[in-house]
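Counting convention: from 1, in listed order, for ligands and their atoms alike.
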Amino acid sequence: MKIRKINLEESEIPESWYNIIADMPNKPLPPLHPGTLQPIGPDALAPLFPEALIKQEVTTDKWVSIPDEVRNMYSIWRPTPLYRAYGLEKALDTPAKIYYKYEGVSPSGSHKPNTAIPQAYYNKQEGVKRITTETGAGQWGSALSFACQHFGIECDVYMVRLSYNDKPYRKMMMNTWGANVYASPSDRTQAGRNILAMDPNSPGSLGIAISEAIEMAATRDDTKYALGSVLNHVKLHQTIIGLEAIKQMEKAGDMPDIVIAPFGGGSNFAGLSFPFLRLNMDEGKSIRCIASEPASCPKLTRGVFRYDFGDTAGMTPLLPMYTLGHDFIPAPIHAGGLRYHGAGVIVSQLLKDNLIEARSHDNIEIFEAGVLFARTEGIIPAPEANHGIATAIAEAKKCKEEGTSKTILFNLCGHGNFDMKAYDDYFSGKIKQHELTQAEINESISKLTTPLIPQ
Ligand SMILES: *Cc1c(COP(=O)(O)O)cnc(C)c1O
């Protein structure tokens with residue numbers, strides 16, 4: 001029998017996360033205060049995040065040890081399996097070897113609990129009673145609800161009203177884990193009331209939900225805020241994925257030539273790829289790492305590298321990143337987790353320095369890829385994950401054309417069992433190819449008045 005699934009023992013769950021900042025040839029530029037345009041220090045984050053996470057946000061230590069209680073919780077679903085995709089290889093008739101790391105086995109169905117658990121843990125350590133957050137598609141809200149429940153912290157999730165109405169089962173998961181879920185805009189915050197006064201039927205947006213969650217955290221002493229992507233400490237926690245994957249590839253007697261992951265704010269891409277990039281920097285390997293993004297929200301492949309706000313409302317510090325402009329509104333594609341206008345600062349600097357690559361795929365191509373994967377490997381992927389699969393298929397086809405055999409590893413960051421509406425829309429022909437014109441991108445970027453970065 002061929003070995004399909006490469007597992008690790010619980011005792012092999014890594015003991016430290018890997019911090020790529022320690023190894024980067026050019027460190028990320030500092031965040032700036034939007035008023036004074038001066039670099040801001042970590043203390044500016046104190047009203048929103050516990051001290052331990054702020055420290056992790058700026059640390060230059062190469063390894064950060066994982067608390068025992070976090071490793072204990074990880075063991076509910078970690079180590080996650082790594083699979084050889086024999087079925088997909090056969091369907092593509094490719095000489096390439098394709099592997100995938102499967103993060104959909106977590107309780108909430110994606111990689112998000114890898115950071116939700118340590119974030120809840122450090123908040124608990126510092127006596128925080130309540131955590132607020134926003135959620136769009138619902139993956140992050142459910143992961144944080146699960147984590148807060150374990151640590152006895154109250155969890156308030158501001159869920160974009162449109163998703164609140166469209167995705168009742170995601171809301172019910174959060175309620176099952178004990179969280180309070182509010183349709184945003186709500187009448188609980190000034191930000192929400194302002195929007196409702198203008199439009200009582202507002203469908204909400206991620207930007208509005210962020211404003212509500214931040215307002216609640218900033219105005220209450222016992223309450224902090226949590227983010228599920230973009231920030232350095234989130235990427236740090238996600239490196240558990242790649243650290244396990246390296247052990248599993250070694251166990252398989254193989255090593256990838258190409259590592260691929262879908263890209264929203266960068267956390268699951270960072271999680272899988274950073275430990276492999278360490279092998280490039282420390283051991284002289286040349287593993288290509290590719291981020292896969294939607295053609296309708298192409299910040300890495302068609303955005304600009306400059307300072308911009310992290311949120312739509314313009315409340316955060318200015319961050320040096322690839323961006324389409326903070327009020328860029330992508331077409332309403334189904335991969336909700338990839339509709340963010342910018343990219344985290346570490347990934348942006350790595351792309352600027354040509355240490356990673358990026359490519360985009362249109363809406364139809366990613367569903368073709370996802371359906372082929374489901375039919376050959378069994379697991380139905382989250383629409384976000386389909387982007388990574390599309391890149392893996394493109395690389396495997398290139399191997400066939402060139403007659404070369406490469407080893408490809410991609411991140412299957414979540415299952416799509418709560419995303420059947422998206423597949424329904426695809427099968428019934430409602431998903432259209434969407435061409436984003438250069439004029440549309442230029443228009444959004446030309447509105448930016450934030451500082452440029454000297455090239
Ligand atoms: C949140 C999410 C993403 C996008 O976020 P990243 O920070 O880029 O990883 C992608 N896939 C799934 C399944 C998600 O839940």
Undergrad: So, are Arg339 and Glu293 salt-bridged, with charged N and O less than 4.0 Å apart?
TA: no

Undergrad: Identify the closest protein heavy atom to atom 13 (C) of ligand 1: which residue and atom is it, and at what distance?
TA: Cys413 SG, 3.8 Å

Undergrad: Over 60° means perpendicular and under 30° means parallel, so tell me whether Tyr423 and Phe427 are parallel, tilted or perpendicular.
TA: tilted

Undergrad: To check your reading of the model: name the closest protein heavy atom to atom 4 (C) of ligand 1, its residue, and the distance in Å.
TA: Gly337 O, 3.3 Å

Undergrad: Between Lys97 and Asp254, does any side-chain N to carboxylate O distance fall below 4.0 Å?
TA: yes

Undergrad: Give a yes or no on whether a salt bridge exists between Lys398 and Glu395, defined as a side-chain N under 4.0 angstrom from a carboxylate O.
TA: yes

Undergrad: Among His415, Lys112, Lys235, His387, which one has a heavy atom closest to atom 3 (C) of ligand 1?
TA: Lys112

Undergrad: Quick one: do Lys62 and Asp23 make a salt bridge, cutoff under 4.0 Å?
TA: yes

Undergrad: Does Glu384 reach ligand 1 with a nitrogen or oxygen that is under 3.5 Å from one of the ligand's nitrogen or oxygen atoms?
TA: no

Undergrad: Distance to 0.1 Å, residue and atom name: give those for the protein heavy atom nearest to atom 7 (O) of ligand 1.
TA: Ser229 OG, 2.5 Å

Undergrad: Any idea which part of His111 is under 4.0 Å from ligand 1, heavy-atom wise: side chain, backbone, both or neither?
TA: side chain

Undergrad: Tell me which protein heavy atom sits closest to atom 8 (O) of ligand 1, plus the residue, atom name and distance to 0.1 Å.
TA: Gly264 N, 2.6 Å

Undergrad: Got a sec, which pairs hit salt bridge (charged side-chain N to carboxylate O under 4.0 Å, His left out) with one end in residues 263-281, sequence neighbours left out?
TA: Arg278-Asp282

Undergrad: Residues two or more places apart in sequence or in another chain: which of them pass ring pair (Phe, Tyr, Trp, His ring centres under 6.0 Å) with His150?
TA: none

Undergrad: Using 4.0 Å as the upper bound for N to carboxylate O, is an ion pair formed by Lys430 and Asp425?
TA: yes

Undergrad: Evaluating non-hydrogen atoms only, which member of Val234, Thr135, Asn268 is closest to atom 9 (O) of ligand 1?
TA: Asn268

Undergrad: Against ligand 1, does Trp140 come closer than 4.0 Å with any heavy atom?
TA: no

Undergrad: Could you say whether the N/O atoms of Ala382 and ligand 1 ever approach to under 3.5 Å?
TA: no

Undergrad: List ligand 1 atoms under 4.0 Å from Phe263, heavy atoms only on the residue side.
TA: 8 (O)

Undergrad: So is Gly266 touching ligand 1 or not, going by heavy atoms under 4.0 Å?
TA: yes

Undergrad: In terms of atom number and element, which parts of ligand 1 are under 4.0 angstrom from non-hydrogen atoms of Gln139?
TA: 13 (C), 15 (O)

Undergrad: Regarding ligand 1, does Gly265 bring an N or O atom to under 3.5 Å of one of the ligand's N or O atoms?
TA: yes

